[in-house]
Amino acid sequence: ALPIYNAKTKTASLQLADGQVMKYLCESVAHDLMPWRSSSSSHIVRFPHPCIQIALAVIEREEAILGLTDRSRFFINGMEVASNVTSFVTSDDFLLLTTHAHSCR
């Protein structure tokens, strides 16, 4: 998988073959690649299924990793939040999802 980069937070992420998500802080002096941890629960983030699309977004002041599988399952920090998403896009203020019902939310 290709790394995903957030220019605002200067963070890069990469999904490994086993679903684990790695984090790289581009301006860190240590230049360490580390497991992505959810700051709200401090668990290591892992997608249970490979995601065909991933993105980084800031949600409630926490940087989160979003993932969408080829089976329409949508995850935020490894937790499934929807099972009917066909696409998504993020902006500074919004997360837009399209669903199998052809609705945008």
Side-chain angles (χ1 to χ4, degrees):
L2 295 174
I4 302 300
Y5 179 69
N6 184 327
K8 287 189 174 194
T9 61
K10 304 217 180 340
T11 302
S13 67
L14 177 70
Q15 177 186 336
L16 302 179
D18 68 355
Q20 184 174 345
V21 179
M22 302 301 286
K23 182 179 202 175
Y24 179 75
L25 301 174
C26 299
E27 293 191 344
S28 169
V29 176
H31 299 292
D32 289 336
L33 186 64
M34 63 191 104
W36 191 286
R37 292 184 181 274
S38 170
S39 64
S40 60
S41 64
S42 73
H43 76 278
I44 293 176
V45 173
R46 179 182 306 272
F47 291 128
H49 303 279
C51 290
I52 58 171
Q53 180 184 355
I54 60 173
L56 296 174
V58 177
I59 302 172
E60 296 181 356
R61 295 187 206 102
E62 175 189 353
E63 190 166 32
I65 184 150
L66 316 175
L68 178 64
T69 71
D70 63 347
R71 303 257 181 194
S72 304
R73 297 175 68 184
F74 183 68
F75 297 89
I76 298 177
N77 281 343
M79 181 172 57
E80 186 171 355
V81 295
S83 61
N84 65 341
V85 175
T86 55
S87 66
F88 75 94
V89 65
T90 62
S91 72
D92 289 343
D93 298 319
F94 298 100
L95 166 63
L96 299 174
L97 304 170
T98 57
T99 68
H100 286 291
H102 304 293
S103 62
C104 184
R105 301 184 180 224

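Each of Val21 and Ile44 belongs to its own hydrophobic cluster when Ile, Leu, Val, Met, Phe, Trp and Tyr are linked at side-chain heavy-atom distances under 4.5 angstrom.
Of the candidates Leu97, Asn77, Ile4, Thr90, Thr90 is the only one forming a side chain to side chain contact (heavy atoms under 4.5 Å, CB included) with Leu66.
Inter-residue side-chain proximity for Lys23 and Ile65 is flagged as unmet; no heavy-atom pair is nearer than 4.5 Å. Put simply, the side chain of Thr69 does not reach to within 4.5 Å of the side chain of Phe47, judged on heavy atoms. Under the 4.5 Å side-chain criterion, counting only non-hydrogen atoms from C-beta, Trp36 is in contact with Thr11. Annotation: side chain of Pro35 is in contact with side chain of Met22 (closest heavy-atom distance under 4.5 Å). Inter-residue side-chain proximity for Leu25 and Lys10 is flagged as unmet; no heavy-atom pair is nearer than 4.5 Å.
A search for side chain to side chain donor-acceptor pair (under 3.5 Å) contacts involving Asp70 returns nothing, not counting sequence neighbours. Contacts of Arg46 classified as side-chain contact (heavy atoms from CB on, under 4.5 Å), with partners at least two apart in sequence or in another chain: Asp18, Gln20.
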Under 3.5 Å, which donor-acceptor pairs link side chains of residues 48-61 to any protein atom two or more places apart or in another chain?
from	atom 1	to	atom 2	distance (Å)
His49	NE2	Arg73	NH1	2.6
Gln53	NE2	Phe88	O	3.0

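Put simply, the side chain of Thr99 never gets that close to the backbone of Asn84: no donor and acceptor are under 3.5 Å apart.
Between Gly78 and Val45, the closest heavy-atom pair is N-CG1, 3.7 Å.
Within a 6.0 Å radius of CE in Met34, more than 12 heavy atoms belonging to other residues, nucleotides or ligands are found.
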